[in-house]
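Not measured: the values here are computed from a predicted model. In what follows, chains carry the letters A, B, and so on, assigned in the order in which the sequence lines appear, proteins first and then strands, with residues in each chain numbered from 1.
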There are 2 protein chains.
Amino acid sequence: MWQPDPYDRNCPTRQLLDRIGDQWTVLIVGALKDGPLRFTEIGRRVDGISQKVLTQTLRSLVRDGILTRTAYATIPPKVEYELTPLGRNLSEPLEMLDRWARVHMSSVQDARDAYDAEHTPASA
Amino acid sequence: MWQPDPYDRNCPTRQLLDRIGDQWTVLIVGALKDGPLRFTEIGRRVDGISQKVLTQTLRSLVRDGILTRTAYATIPPKVEYELTPLGRNLSEPLEMLDRWARVHMSSVQDARDAYDAEHTPASA
DNA sequence: CTGCATCCTGCGCGATACTG
DNA sequence: CAGTATCGCGCAGGATGCAG
């Protein structure tokens with residue numbers, strides 16, 4: 001029986017891996033961890049994301065079954081995004097990534113400083 | 001005391017998150033999980049990566065202290081890449097990502113099919 | 001408020017050729 | 001084998017303007 005393998009360039013998991021590892025995906029899913037949020041609220045939490053990219057990313061995540069999109073026909077309009085069970089499941093590995101980045105940032109920074117010092121031998 | 005926060009666009013963890021979530025990073029670190037590999041070997045395992053991107057990604061990972069690069073002055077040249085302790089630590093969350101993608105690929109595929117069917121109402 | 005369409009720019013990346 | 005250097009294109013993504 002065949003097993004999906006992202007090391008194969010033609011395997012769909014390759015593309016999926018690219019999507020779920022995307023920084024915006026990590027942050028958006030993380031933001032929705034504690035409950036549904038509106039479009040603008042997500043944009044406010046995920047500092048620096050453009051409206052266009054936010055829209056694109058949200059649509060992709062909805063299409064992939066990670067989020068649900070619920071539009072309320074009120075005035076003004078209100079649209080809520082919420083994690084599906086699949087999305088909630090995904091949020092666990094993503095949260096580990098987030099936490100790893102926070103915890104090891106200083107180690108990485110030290111490594112970079114050392115590397116740069118090594119490869120930039122005191123001026124030119 | 002200040003806590004690093006990737007939700008802030010100026011926080012270095014933002015960039016770090018982007019790097020470690022990168023598909024090539026996930027695959028390369030995963031490939032090195034079982035021991036050091038040579039440049040060409042990595043390229044062969046990570047199907048579809050160009051030599052240029054492989055070089056760039058490896059250099060970044062070395063700089064960030066995820067990998068070590070060891071060059072042997074033999075003919076022909078031989079360069080081995082190996083996970084550092086930090087890299088081995090990182091490989092755990094990354095492996096979870098990889099496994100998630102493999103396990104849930106079919107669910108995502110189903111969601112996509114449903115979404116596309118819904119949003120492409122039987123021809124035009 | 002929540003989008004979508006358009007224009008435009010940067011630069012990521014592949015392809016190719018050359019070195020040690 | 002393991003890179004570096006260069007060129008050129010495609011497309012992601014920012015900015016703006018409009019619609020429901």
Is there a salt bridge (Lys or Arg N to Asp or Glu O under 4.0 Å) between D8(A) and R14(A) once you walk through the steps? CA-CA 7 Å; D8(A) 175 358; R14(A) 171 71 69 92; over 6 Å; no
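Within the model, atoms CD1 of I66(A) and CG of L32(A) stand 11.5 Å from one another, a figure rounded to the nearest 0.5 Å. Atoms CD and OG1, from Q23(A) and T13(B) in turn, are 10.5 Å apart once rounded to the nearest 0.5 Å. For the atom pair CD1 (I28(A)) and CG (L58(A)), the distance works out to 5.0 Å, reported to the nearest 0.5 Å.
You'll find that the side chain of R38(B) is closest to dC1(D), out of dG14(C), dC4(C), dC1(D). For Y81(A), the side-chain atoms get nearest to dG3(C) when compared with the rest of dG3(D), dG14(C), dG3(C).
For R69(B), no side-chain nitrogen or oxygen approaches OP1 or OP2 of dA2(D) to under 4.0 Å. Considering only side-chain N and O atoms, R59(A) lies under 4.0 angstrom from the phosphate OP1 or OP2 of dC4(C).
At whole-Å resolution of the value, CD1 in I75(B) and C1' in dC1(D) are 11 Å apart. We find that CD1 of I49(B) is positioned 14 Å from P of dA2(D), with the value rounded to whole Å. Distance Q56(A) CD to dA5(C) P: 11 Å, rounded to the nearest Å. The nearest whole Å value for the distance from the CD atom in E41(B) to the C1' atom in dA2(D) is 13 Å. Distance CG (L67(B)) to C1' (dA2(D)): 16 Å, rounded to an integer number of Å. As rounded to whole Å, 10 Å separates atom P of dA2(D) from atom CG of L54(B). The distance from atom CG of L58(B) to atom P of dC1(D) is 16 Å, rounded to the nearest whole Å.
Only one option out of D113(A), D116(A), D110(A) pairs with R63(B) in a salt bridge (Lys or Arg N to Asp or Glu O under 4.0 Å); it is D116(A).
The pair R102(A)-D98(A) meets the salt-bridge criterion, with a side-chain N (NZ, NE, NH1 or NH2) lying under 4.0 Å from an Asp/Glu carboxylate O.
Using a 4.0 Å heavy-atom criterion, one finds that Y72(B) contacts no nucleic acid atom at all.
Side-chain atoms of L54(A) and T57(A), non-hydrogen and from C-beta on, never get closer than 4.5 Å to each other. Residues N89(B) and W100(A) form a side-chain contact, since some pair of their non-hydrogen atoms from C-beta on lies under 4.5 Å apart.
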Spell out protein contact along nucleotides 15-20 of chain D as letters: B when the base is contacted, S when just the sugar-phosphate is, - when no protein heavy atom is under 4.0 Å; keep the 5' to 3' order. B----B
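Interface residues of residues 12-26 of chain A facing DNA chain D, ordered by number: none; criterion, heavy-atom separation under 4.0 Å.
Cluster partners of M96(A), by chain and number: M96(B). The rule joins Ile, Leu, Val, Met, Phe, Trp and Tyr whenever side-chain heavy atoms lie under 4.5 Å apart.
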